[in-house]
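As structure tokens, the structure follows; a few thoughts come after it.
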Amino acid sequence: MVAVVLALCCATVAACSTSRVSAEQSKVSAIAVGGKVAEIVDRGTLLVGTTGDYRPLSFCESDSTYWGFGIEMAAEIAKSLGVGTRFVKTSWPTLTADVLADPQTFDLAIGGITITDARRETMLMSEGYLANGKTILCRASEKDRYQSLADIDKPEVRVMVNPGGLNEKFAVAKLTHATIIVHRKNEEIPTLVAEGQADVMITEITEAPYYIKTDTRLAAPLLNEPFTHGQIGVLMKKGQDDLLLMVNAVIERMKKDGSLRRLHEKYGLVYVY
């Protein structure tokens, strides 16, 4: 049904400027017929796996409306393919299994997904489009109490994390003396910390600014000194190299035309590219 992916890019010119499309065209001109991109275009919809629990990158409201930085990135990818977008709920504990599922439940996963060597061994990951790093949320009244990992790594400090992701792995590896509490719903943890049901949340520099802005009971005293440094990217199943090529072309174009910087500014995130 779809002959050549380059033809699909040309078909989207009416909706996009020539300069915007040229980057994607140059990257996909050699993609073979019958690949993942052709399948998505035939379907007319990009299926996007996302956790919907990670403000301000990916959040699902009670009416099933999704919003966030990653949600807008997914929309940009879909627009470049000339298709619509449908979001499919996944979770941090099941993310890898969901990506590798056969048959697939979605084409790619997006949100606060850190690029790691372990993920790249079994899956494909795009170039980074957002810098991240581990930090903490605590009660504003106790912000002077936590100035280092050593200050947190004490038996009396209750550290809350969501299950299955890198936050839990970081806490288990680095906080061997603190009391680790695993709470299933990531989006509930900041409020639980503010209310005193835990003392510290392990989170990312991408997530913490949203919560200290929207809840004055919270603070992120180590926001400018993250424990780790990394990049967030798009995750997908191996064998989808044509889709990876397209996604990377979109990210490259957004860096060049300033739209990625503007998206960072919209969500109050630090731009490093």
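As the structure is a computational prediction, the values presented were derived from the model and not from experiment.
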- Task: Just jot down the ring-ring contact (aromatic ring centres under 6.0 Å, His included) partners of Tyr66, sequence neighbours excluded, or say none.
- Result: Phe87
- Any chance you could measure Ile202, atom CD1, to Glu168, atom CD, to the nearest 0.5 Å? 11.5 Å
- Thr135 and Ala208 have their tightest heavy-atom pair at CG2-CB, 4.0 Å
- Task: Taking the side chain as every heavy atom from C-beta outward, state whether Val161 and Val182 have any pair of such atoms under 4.5 Å apart.
- Result: yes
- Value for CZ (Arg184) from CD1 (Ile189), rounded to nearest 0.5 Å, stands at 11.5 Å
- Take Tyr129 and Met254 through the side-chain contact (heavy atoms from CB on, under 4.5 Å) test and state the conclusion after the steps. CA-CA 9 Å; Tyr129 59 80; Met254 292 181 69; over 6 Å; no
- Message: If hydrophobic clusters are built from ILVMFWY residues whose side chains come within less than 4.5 Å, do Val159 and Met201 share one?
- Response: no
- Transitive ILVMFWY side-chain link Leu149 to Leu166, under 4.5 Å: no
- Task: Find out whether Asp199 and Glu156 are in side-chain contact, i.e. whether some heavy atom of one side chain is under 4.5 Å from a heavy atom of the other.
- Result: no
- Do Pro190 and Asp215 touch side chain to side chain, with heavy atoms closer than 4.5 Å? no
- Query: So how far is it from His183 NE2 to Leu192 CG, rounded to the nearest 0.5 Å?
  - Reply: 5.0 Å
- Query: Arg145 versus Val157: any side-chain heavy-atom pair under 4.5 Å?
  - Reply: yes
Residues 45-52, side-chain donor-acceptor partners within the protein, below 3.5 Å, at least two apart:
| unit_1 | atom_1 | unit_2 | atom_2 | d |
| --- | --- | --- | --- | --- |
| Thr50 | OG1 | Ser58 | OG | 2.5 |
| Thr50 | OG1 | Ile110 | O | 2.9 |
| Thr51 | OG1 | Asp53 | OD1 | 2.6 |

- Task: Using the side-chain hydrogen bond (donor to acceptor under 3.5 Å, both in side chains) rule, take Tyr54 and Thr206 through it: C-alpha gap first, then chi angles, then the decisive distance, then the call.
- Result: CA-CA 9 Å; Tyr54 197 150; Thr206 50; 3.1 Å; yes
- Message: Would you say that more than 12 heavy atoms from the other residues, nucleotides or ligands in this model lie under 6.0 Å from the NZ of Lys169, or not?
- Response: no
- For residues Thr114 and Asn132, is any side-chain donor paired with an opposing acceptor at under 3.5 Å? yes
- Item | Straight-line distance of Ile251 CD1 to Arg253 CZ, nearest 0.5 Å | 10.5 Å
- Task: Assess whether atom CZ of Arg217 is packed by more than 12 heavy atoms of other residues, nucleotides or ligands within 6.0 Å.
- Result: yes
- Which atoms form the tightest heavy-atom contact between Gln147 and Pro221, and what is the distance? NE2-CB, 4.1 Å
- Message: If we count only N and O atoms by modelled type, under 3.5 Å, do the side chains of Gln197 and Glu188 hold a donor and an acceptor together?
- Response: no
- Task: Salt-bridge test for Glu204 and Lys134: reply yes if a basic N is under 4.0 Å from a carboxylate O, no otherwise.
- Result: yes
- Task: Find the distance between NZ (Lys174) and CG (Asp153) and round it off to the nearest 0.5 Å.
- Result: 11.0 Å
- Is Lys36 salt-bridged to Glu39, going by a charged N under 4.0 Å from an acidic O? yes
- Parallel, tilted or perpendicular: which fits the ring planes of His264 and Tyr273, with parallel below 30° and perpendicular above 60°? perpendicular
- Query: So, for Arg119 and Leu95, which heavy atoms are closest and what is the spacing to 0.1 Å?
  - Reply: NH2-CD2, 4.1 Å
- Note on the structure: Minimal heavy-atom distance between Asp98 and Thr105, with the atoms involved, is O-OG1, 3.8 Å
- Step by step, work out the side-chain contact (heavy atoms from CB on, under 4.5 Å) result for Tyr267 and Glu72. CA-CA 11 Å; Tyr267 289 98; Glu72 295 201 38; 2.6 Å; yes
- Task: Applying side-chain contact (heavy atoms from CB on, under 4.5 Å), run through Tyr271 and Glu265 and close with a yes or a no.
- Result: CA-CA 8 Å; Tyr271 187 77; Glu265 292 171 350; over 6 Å; no
- Query: Shortest non-hydrogen contact from Ile152 to Ala178?
  - Reply: O-CB, 3.5 Å
- Message: Testing the basics here: between Ile232 and Gly111, what is the closest heavy-atom pair and its distance to 0.1 Å?
- Response: CG2-O, 3.3 Å
- Quick one: are Val200 and Leu175 in side-chain contact, heavy atoms under 4.5 Å? no
- Task: Given side-chain contact (heavy atoms from CB on, under 4.5 Å), test Phe69 with Leu260 step by step and report yes or no.
- Result: CA-CA 10 Å; Phe69 186 102; Leu260 189 62; 4.0 Å; yes
- Item | Mutual orientation of the aromatic rings belonging to Phe227 and Phe170 [parallel < 30°, tilted 30-60°, perpendicular > 60°] | parallel
- Query: Should we count CZ of Arg43 as having more than 12 external heavy atoms under 6.0 Å?
  - Reply: yes
- Message: With rounding to the nearest 0.5 angstrom, report the OH to CD1 distance, Tyr146 to Ile136.
- Response: 7.5 Å
- Item | Other residues, nucleotides, ligands: >12 heavy atoms within 6.0 Å of Lys255 NZ | yes
- Query: Does Met236 reach the side chain of Val247, with side-chain heavy atoms less than 4.5 Å apart?
  - Reply: yes
